[in-house]
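This report concerns only the one structure given below.
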Amino acid sequence: ASMEQLWWDRPFTLNGVDIKAGAATLQLTTSYGGRQDIRIHTGDDTLVDGFDVTTQAPPISSWHDVDTTLGRTDARYSWQVAKVNDGRCDRVAGTNTAQSLPLASIFKLYVLYAVADAIKAGTISWDDQLTVTDKGKAVGSGMDLPVGAHISVRTAAEKMIATSDNMATDMLIGKVGTQAVETALAEAGHHDPAAMTPFPTMYELFSVAWGRPDLREQWKTATPQVREQLLQQANSHVYQPDPMRAHVPASGYGAEWYGSAEDICRVHVALQAAAVGKAAPVRQILAAAPGIKLDSGEWPYVGAKAGGL
């Protein structure tokens, strides 16, 4: 796994080498400006018995440092720190806060909102059972479950947020329906719900963005009606990932889920407000993997969308 990640972070700039008995540490800068150390260790038999990659955290002591660090990546970026007052996100600091960029797995917050809505409406329950399918397993899952196995809506929601489980996400979208997620976009304050309509499942977007045949160019110029047809086409075929495009972002073709830093704040606020009555477990689901260590005396609750982006 380390070697594969290094391959996609290339090219590297070598900044220095620290050589000691039986070990050498390479000090590198990645293609996106990150600092990494690679420590290679050999045993008494002179064979390599250790290969450790460590990413060095950049020094951050002010909001300006955030921009300085992100600016070195030469990437488009958006970030925001906000204080919630009376259900409103009041910006404290940030850059490009309204710029719409690929959300990656953060879009799953809208799926959770749609689930909460359905729970409160009584159309589904936390104990409803969802079935593992071949299509679900095709998009990846940390749950080692065979086809035909069952998990509850509650478990799927927990896995979707705490570990960003793709299969669990599509299970939930299948349960509530894509129209429910499109409604959630509007209700949770997304700045442009039409930009994510029709709303693709993970299976459908993976097929368009990284599958065979390559549908990216068609998707890029397609109307919403044609995109709906492309999603139906993708959904009717077995997903066959193209290894040449597996690590190439498809956002240049518009094959992504989109939103801004301001949208992310608004959906978090909406989720907390929605976590009442039968939907109260939403607060626990969001707090399962906070991803950051803070003084619990000052921050008794931390809600987050966890997992790799």
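What you find for A114 and A180 is that their closest heavy atoms are CB-O, 3.7 Å. Between T73 and Y32 the shortest heavy-atom distance is CG2-O, 3.1 Å. Annotation for S251 and E256: closest pair CB-CG, 4.0 Å, computed over non-hydrogen atoms. Considering every non-hydrogen atom in both I264 and V267, the closest pair reads O-CG1, 3.2 Å. The two residues V208 and A234 come nearest to each other via the heavy atoms CG2-CB, 4.4 Å. A pairwise comparison of heavy atoms in G252 and K220 identifies O-CE, 3.8 Å as the closest pair.
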Would you check, one step at a time, whether the test side-chain hydrogen bond (donor to acceptor under 3.5 Å, both in side chains) holds for D65 with T68? CA-CA 5 Å; D65 289 344; T68 299; 4.9 Å; no

Is there a side chain to side chain contact (heavy atoms under 4.5 Å, CB included) between M143 and I151 once you walk through the steps? CA-CA 10 Å; M143 297 181 285; I151 63 171; 3.8 Å; yes

Does the side chain to side chain contact (heavy atoms under 4.5 Å, CB included) test come out yes or no for L103 and Y110, once each step is laid out? CA-CA 11 Å; L103 282 176; Y110 294 103; 4.2 Å; yes

M160/V111 under side chain to side chain contact (heavy atoms under 4.5 Å, CB included): CA gap, chis, key distance, verdict: CA-CA 9 Å; M160 176 179 71; V111 179; 3.8 Å; yes

Side chain to side chain contact (heavy atoms under 4.5 Å, CB included) for S125 and V153? Distances and angles first, verdict last. CA-CA 7 Å; S125 76; V153 167; over 6 Å; no

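Separating the CG atom in L185 from the NE2 atom in H191 is a distance of 10.5 Å, to the nearest 0.5 Å. For the atom pair CZ (R91) and SG (C265), the distance works out to 11.5 Å, reported to the nearest 0.5 Å. Here the straight-line distance linking atom CH2 of W126 with atom NZ of K278 works out to 12.0 Å at 0.5 Å rounding. Expressed to the nearest 0.5 Å, how far CZ of R35 lies from OG1 of T13 amounts to 10.0 Å. The line from CD of Q80 to CG of D90 is 9.5 Å long, rounded to the nearest 0.5 Å. One distance of note links CD1 of I285 with CD of E158; it measures 5.5 Å at 0.5 Å rounding.
The side-chain heavy atoms of T169 and D165, taken from C-beta on, include no pair separated by under 4.5 Å. Contact annotation: the side chain of H150 never approaches that of V132 to less than 4.5 Å [non-hydrogen atoms, C-beta and beyond].
Of the charged side-chain nitrogens involved, none lies within less than 4.0 Å of a carboxylate oxygen, so that R88 and D86 do not count as a salt-bridged pair. Here D170 does not pair with K135 in a salt bridge; the nearest charged N to carboxylate O distance is not below 4.0 Å. With salt bridges taken as basic N to acidic carboxylate O contacts below 4.0 Å, one links R245 and D214.
Side chain to side chain, S78 and Q99 fail the donor-acceptor criterion of an N or O pair below 3.5 Å. Residues W79 and D67 have side chains that bring a donor and an acceptor to within less than 3.5 angstrom of each other. There is a side-chain donor-acceptor pair under 3.5 Å between S260 and D263. A donor-acceptor pair shorter than 3.5 Å can be found between the side chains of Y301 and Q272. No hydrogens or angles considered: a donor-acceptor pair under 3.5 Å links the side chains of K108 and N166. In this model, no donor atom of one side chain and acceptor atom of the other lie less than 3.5 Å apart for D127 and S152.
Although no hydrogens or angles enter the test, the distance criterion places no donor-acceptor pair under 3.5 Å between the side chain of T29 and the main chain of G33. Judged by distance alone, with hydrogens and angles left aside, the side-chain atoms of W210 form a donor-acceptor pair with the main-chain N or O of V248 at under 3.5 Å. Put simply, the side chain of H190 gets close to the backbone of Y258: a donor and an acceptor are under 3.5 Å apart. Formation of a donor-acceptor pair under 3.5 Å by the S141 side chain with backbone atoms of K137 is not found in this model. Side-chain atoms of R227 come within 3.5 Å of backbone atoms of W219 as a donor-acceptor pair (strictly under, hydrogens ignored).
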Please tabulate, one pair per line, all N/O donor-acceptor pairs under 3.5 Å involving side-chain atoms of residues 194-202, not counting sequence neighbours.
{"residue": "T197", "atom": "OG1", "partner": "P193", "partner atom": "O", "Å": "3.0"}
{"residue": "T201", "atom": "OG1", "partner": "E204", "partner atom": "N", "Å": "3.1"}
{"residue": "T201", "atom": "OG1", "partner": "E204", "partner atom": "OE1", "Å": "3.4"}

Without placing hydrogens or testing angles, list every side-chain donor-acceptor pair under 3.5 Å for residues 36-47, not counting sequence neighbours.
{"residue": "Q36", "atom": "NE2", "partner": "T55", "partner atom": "OG1", "Å": "3.4"}
{"residue": "D37", "atom": "OD2", "partner": "Q56", "partner atom": "NE2", "Å": "3.0"}
{"residue": "H41", "atom": "ND1", "partner": "D49", "partner atom": "OD1", "Å": "2.7"}
{"residue": "T42", "atom": "OG1", "partner": "G22", "partner atom": "O", "Å": "3.4"}
{"residue": "D45", "atom": "OD1", "partner": "L47", "partner atom": "N", "Å": "3.1"}

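Residues V226 and Y253 do not share a hydrophobic cluster, defined by chaining ILVMFWY side chains whose heavy atoms lie under 4.5 Å apart. Cluster membership check: I106 shares its hydrophobic cluster with L286, using side-chain heavy-atom separations under 4.5 Å among Ile, Leu, Val, Met, Phe, Trp and Tyr.
Looking at residues two or more places apart in sequence or on another chain, you find no side-chain hydrogen bond (donor to acceptor under 3.5 Å, both in side chains) involving E182.
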